[in-house]
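Sequence lines set the chain letters: A, B, ... in the order given, protein chains first and strands last, and positions in each chain run from 1.
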Amino acid sequence: MLVSLMKGVLYQEDDPVLWQTLLQQQGRVRDHVLVLGLQLMLDEAEGYACLRQRPMGGDEQELPRLVARRQLSYGVSLLLALLRKKLVDVDASGGSSRLVLRREDIHELVRLFQSDGTNEVRRVDRLDADIAKVVELGFLRKLRESDDTFEVRRILKAFVDAQWLDAFEQRLADYRAHLNEDHGGTA
Amino acid sequence: MDFATLETLRDKHPAWRLLVADHAAFVISFLHGSFIEAKARAWSQRELSLRLEDHLHALRERLGEGSLPRTAEAYLDDWAGALCGWLRKFYPPGSDEPHFDLTPAAERAIRWLAQLSERPFVGTESRLLTVFHLLKQMTEGTEQDPQARLAELERQKAELEAEIARVRAGQLEMMEESAIRERFQQMADTAHGLLADFRQLEHGFHELDRALRERIATWEGTRGELLETVFGEHDAISGSDEGRSFRAFWDFLMSPARQEELTRSLERVLAHPAVQALQPDPRLTRIHFDWLEAGEHTQRTVARLSSQLRRYLDEHVWLENRRIMQLLRGVEQHALAIRNHPPGAAFMELDEPAPSLELPVERPLFSPPVQARLTDTEVREASGEVPSEALFARMFIDKEQLREHVRDALRTREQVSLAELVREHPLEHGLAELVVYLSLAAENRRAAIDDSNTQDFFWTDARGCERRATLPLVLFLR
C-alpha cells in the first residue's frame with residue numbers, strides 16, 4: 001500500500017482493489033507517513049490519492065524534504081493554469097466529469113497568450129514540448145485511442161490550487177512591473 | 001406555430017434537419033437499425049464505425065462506387081457535431097474510447113417517420129377509454145371528502161357484485177376481436193414509446209444539471225442563499241418532477257411480482273388469435289426487460305449527476321472555485337500583457353506527485369572487472385586467399401538504434417534483460433547484433449553482466465540455418 005503511494009498517484013479507476021484497501025486503512029497510512037513529514041491527500045469523491053510534503057508547524061523541527069520540487073518553465077505554468085480553468089468551466093457546465101481535449105483544442109487555448117511572432121512552426125513545437133512535459137508530470141493522460149487526444153486528470157485540482165495560482169499571479173505581476181521599468185512602460 | 005418560429009426550428013432543430021438532410025434516407029436507415037431496432041443505448045466508436053462501414057458498403061454497391069465518398073468515422077463525427085446534433089459523443093467513465101448515443105431529437109424524427117407507415121387501423125375507443133381512465137384517477141386521487149370516496153367505492157363494489165352474479169349465471173362477456181386489436185395496438189405503441197422516453201428523460205436530466213450548474217457558477221450571493229433557492233430540501237435532480245416519476249416507475253417495475261405478471265399477460269395476449277393476426281413483433285414479450293435495461297442506464301446517470309452536483313456544491317470546493325476563477329482572470333491579464341516578452345526558463349515550482357525515492361540497493365554495486373587471460377600463440381603468415389567482397393559485405397549495425405531499444409524498454413520498467421529485449425525487437429543481424437548489445441552493456445554503468453546465469457538466444461541466419469548462442473545473463477537497469 002505505502003509502497004505504491006510512494007511510487008506515485010493512486011487512482012481509483014486504475015486499481016479499485018488497492019483503492020478499497022487504502023480507504024479502509026486510511027488512518028494507519030496517515031499516521032505512518034506523518035513521521036516522514038508527509039501527509040496523505042485523499043479525495044474520495046474524485047478518486048485519487050497521493051502523498052505530499054506536510055507543512056511544518058512553528059516549533060517543529062524542520063525535516064528534509066522528501067518530495068522534490070519541479071522547476072516549471074513559464075509556458076508549462078501557464079498551460080497548467082489554463083487547463084485548471086478549463087476544469088472549472090467543465091464543472092460549471094455539467095455533463096461528463098471527464099475532460100478530454102484534442103491537441104488542437106489545447107493549442108487554441110494557449111494561442112491568445114503567445115507572441116504574434118511569424119514563426120508559427122516554432123510556436124507549435126514549443127507548445128507541443130510543453131504538452132509533453134505536462135503529460136510527464138502526470139496531469140495530462142494520452143488516451144489509448146489516438147495520439148492527439150488527452151484527458152486532463154483531475155489530480156490537477158489538488159496541485160494547481162488557489163495557493164499555487166496566487167503565487168503564480170504574484171510572480172507574473174512582479175515580472176510585468178519589472179518589464180515596464182526596463183522598457184519604459186512599453187510592455 | 002408562426003412563420004418565424006417554424007423558420008428557426010427548421011434551421012436549428014436537429015429533428016427537422018435530419019428530415020431534410022441530403023442523405024436523410026442513408027442516415028436514418030443507419031440510425032434506426034443501429035439504435036432503435038437494436039435497442040442500444042451506447043456504441044463504442046469502433047463498433048459503430050464498423051457497422052457504418054457495412055452499411056456504406058451495401059449502399060455503395062447499390063448506388064455506385066462514387067456515392068457517399070467519406071469514411072465512416074468522418075460521417076460519425078459530422079453527425080455528432082453541433083451542426084447536425086443527431087448523435088451524442090461522450091466518454092463513459094473508465095473507457096478511453098468515445099461512445100455514441102442517439103439524441104432524443106433524432107429519435108423523435110425517426111419515430112415520426114415510423115408512424116407514417118405503421119397502423120393498419122385507427123382505434124378511437126381504447127384511447128377515449130384511456131382519457132376517461134386518467135381523468136377518473138385524477139378526480140379520485142384529489143377527492144378530499146371521505147363521504148364522497150366511500151360512496152364511489154360502494155358503487156364500484158356494487159358493480160363488481162353484479163358482474164360476479166352474471167358470471168355465476170353463466171353469462172360470460174367476451175371482448176370483440178376488433179376491440180382486442182385496437183387495445184393491443186395502443187399497448188404496443190405505448191410500450192415502445194416508453195423506451196424512447198428514457199432517452200428523452202436522460203437528456204432532460206443532463207439539461208437540468210447544466211442549468212443548475214450555470215446558476216451556481218454565476219451566483220453572486222452567499223452560499224447559504226444559494227442552497228436555499230436552488231435546492232430547498234430536495235436533491236435537485238432526483239427531486240424534480242421527472243426524477244420522482246422515474247423513481248415511481250422504477251419501484252413499480254422492480255417488484256418481482258409485477259414482472260411475473262407482465263410476462264404472463266404479455267404471453268397470453270400475444271397468443272390470442274386476434275393479436276396473432278396483426279403479426280406482432282415477437283420481441284414485445286421481452287419489452288419489460290428492455291425497459292429494465294434502459295431504466296438502469298438512466299438510473300445510473302441520475303445517481304452520477306446527483307453525486308457530482310453535491311460535490312460541486314461542497315462548501316470548500318465552491319469557495320475554492322470562486323477564488324480560482326478570480327486568480328485565473330488576473331493570470332490571464334498579466335499573461336496577455338507580457339505575451340511578447342515571455343519570461344525565461346524556470347518560472348514556477350510544483351511538488352512532484354510522489355516522494356522521490358533513491359533506493360541504494362537498486363544501484364549496481366561494484367563488481368571486479370573480469371581479467372582477460374592472454375595466451376601466447378605463434379602468429380603465422382596468412383596463406384589462404386581472402387575473398388575481398390567479404391570486406392564490402394560487412395554489415396552495418398546501428399548502435400544508436402539498439403541503445404534506443406534499451407532506453408525505450410526502460411521507460412516502462414525498472415530493468416530489462418537482454419532476452420526480453422530480443423523478444424521485443426527480434427535480431428536482424430544475428431550474432432553481430434548480440435555482440436553490440438554486449439558492448440552496450442559493458443559501457444553502461446547501470447547494466448550488469450552476470451556470469452553465473454546464462455540465457456539462450458535463437459535466430460535464423462541469412463543462409464537459413466538455425467543458430468543458437470548462450471550468453472551470460474545481461475540486465476539493463478534504469
Side-chain angles (χ1 to χ4, degrees), chain A residues 5-9 13 36 38 45-46 50-53 66-75 77-78 80-81 84-85 88 91-98 100 112-116 137-138 143-145 151 155 159-162 164-169 171-173 175-176 179 183 187, chain B residues 45-46 90-94 96-98 206-214 216-218 304-305 307-312 314 317 319-321 323-357:
Chain A
L5 273 172
M6 287 279 188
K7 284 285 179 193
V9 183
E13 54 182 38
L36 294 172
L38 300 173
E46 303 275 16
C50 61
L51 296 176
R52 301 199 65 176
Q53 191 77 33
L66 268 180
V67 180
R69 294 192 74 98
R70 279 278 191 117
Q71 303 279 321
L72 301 182
S73 72
Y74 169 68
S77 316
L78 183 64
L80 286 179
R84 181 71 179 87
K85 179 170 183 225
V88 176
D91 280 349
S93 66
S96 154
S97 68
R98 301 178 62 186
V100 178
L112 183 63
F113 303 103
Q114 290 176 318
S115 69
D116 314 309
L137 287 170
L143 291 192
R144 250 168 279 138
E145 269 305 287
E151 175 175 6
I155 186 95
F159 283 84
V160 178
D161 53 6
W164 189 87
L165 283 168
D166 194 27
F168 187 37
E169 200 215 347
R171 208 166 284 195
L172 274 177
Y175 179 79
R176 190 176 169 188
L179 260 192
H183 294 264
Chain B
Q45 181 165 29
R46 202 170 36 81
F90 61 102
Y91 287 90
D96 278 0
E97 212 190 344
H206 276 293
E207 289 291 306
L208 194 64
D209 179 55
R210 194 164 315 153
L212 275 171
R213 276 165 189 258
E214 233 175 74
I216 296 166
T218 54
R304 213 187 58 229
L305 287 179
S307 79
Q308 274 171 17
L309 201 60
R310 262 201 300 280
R311 192 194 315 156
Y312 185 58
D314 181 280
V317 176
L319 284 176
E320 168 128 353
N321 267 350
R323 176 95 183 102
I324 282 176
M325 280 322 268
Q326 248 174 25
L327 287 169
L328 279 170
R329 266 193 290 276
V331 166
E332 284 182 342
Q333 272 166 18
H334 292 313
L336 263 186
I338 60 165
R339 57 191 283 197
N340 284 321
H341 304 277
F347 197 74
M348 284 295 290
E349 285 183 335
L350 191 65
D351 281 2
E352 297 228 344
S356 35
L357 300 180

Next item on the list: Check each atom of Leu328(B) against the heavy atoms of chain A and say whether the ones under 4.5 Å are side chain, backbone, both or neither.
Entry: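 For Leu328(B), the contact with chain A is made by the side chain alone.
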
Next item on the list: Go through the atoms of Leu78(A) and report whether side chain, backbone, both or neither lie under 4.5 Å from a heavy atom of chain B.
Entry: side chain

Notebook entry, point to check: Which region of Ile155(A), side chain (C-beta onward) or backbone (N, CA, C, O), has a non-hydrogen atom less than 4.5 Å from a non-hydrogen atom of chain B, or is it both or neither?
Noted result: neither

Item checked: Under the side-chain hydrogen bond (donor to acceptor under 3.5 Å, both in side chains) test, residues paired with Glu332(B) that sit two or more places apart -> Lys85(A)

Item checked: Check against side chain to side chain contact (heavy atoms under 4.5 Å, CB included), Asp166(A) and Arg323(B) -> CA-CA 9 Å; Asp166(A) 194 27; Arg323(B) 176 95 183 102; 3.6 Å; yes

Item checked: With Asp161(A) via salt bridge (Lys or Arg N to Asp or Glu O under 4.0 Å) - residues at least two apart ->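 Expected list: none.
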
Margin query: To check you understand the geometry: which heavy-atom pair defines the closest contact between Leu336(B) and Leu112(A), and what is its length?
Written below: CD2-O, 3.6 Å

Item checked: Partner chain B: residue of Ser77(A), Ala162(A), Ala81(A) with the largest heavy-atom pair count (under 4.5 Å) ->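 Ranked by contacts with chain B, first place is Ala162(A).
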
Note to self: For the CD atom of Gln326(B) and the CD atom of Glu169(A), what is their distance to the nearest 0.5 Å?
What the structure shows: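 Reported value, rounded in 0.5 Å steps: 9.0 Å.
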
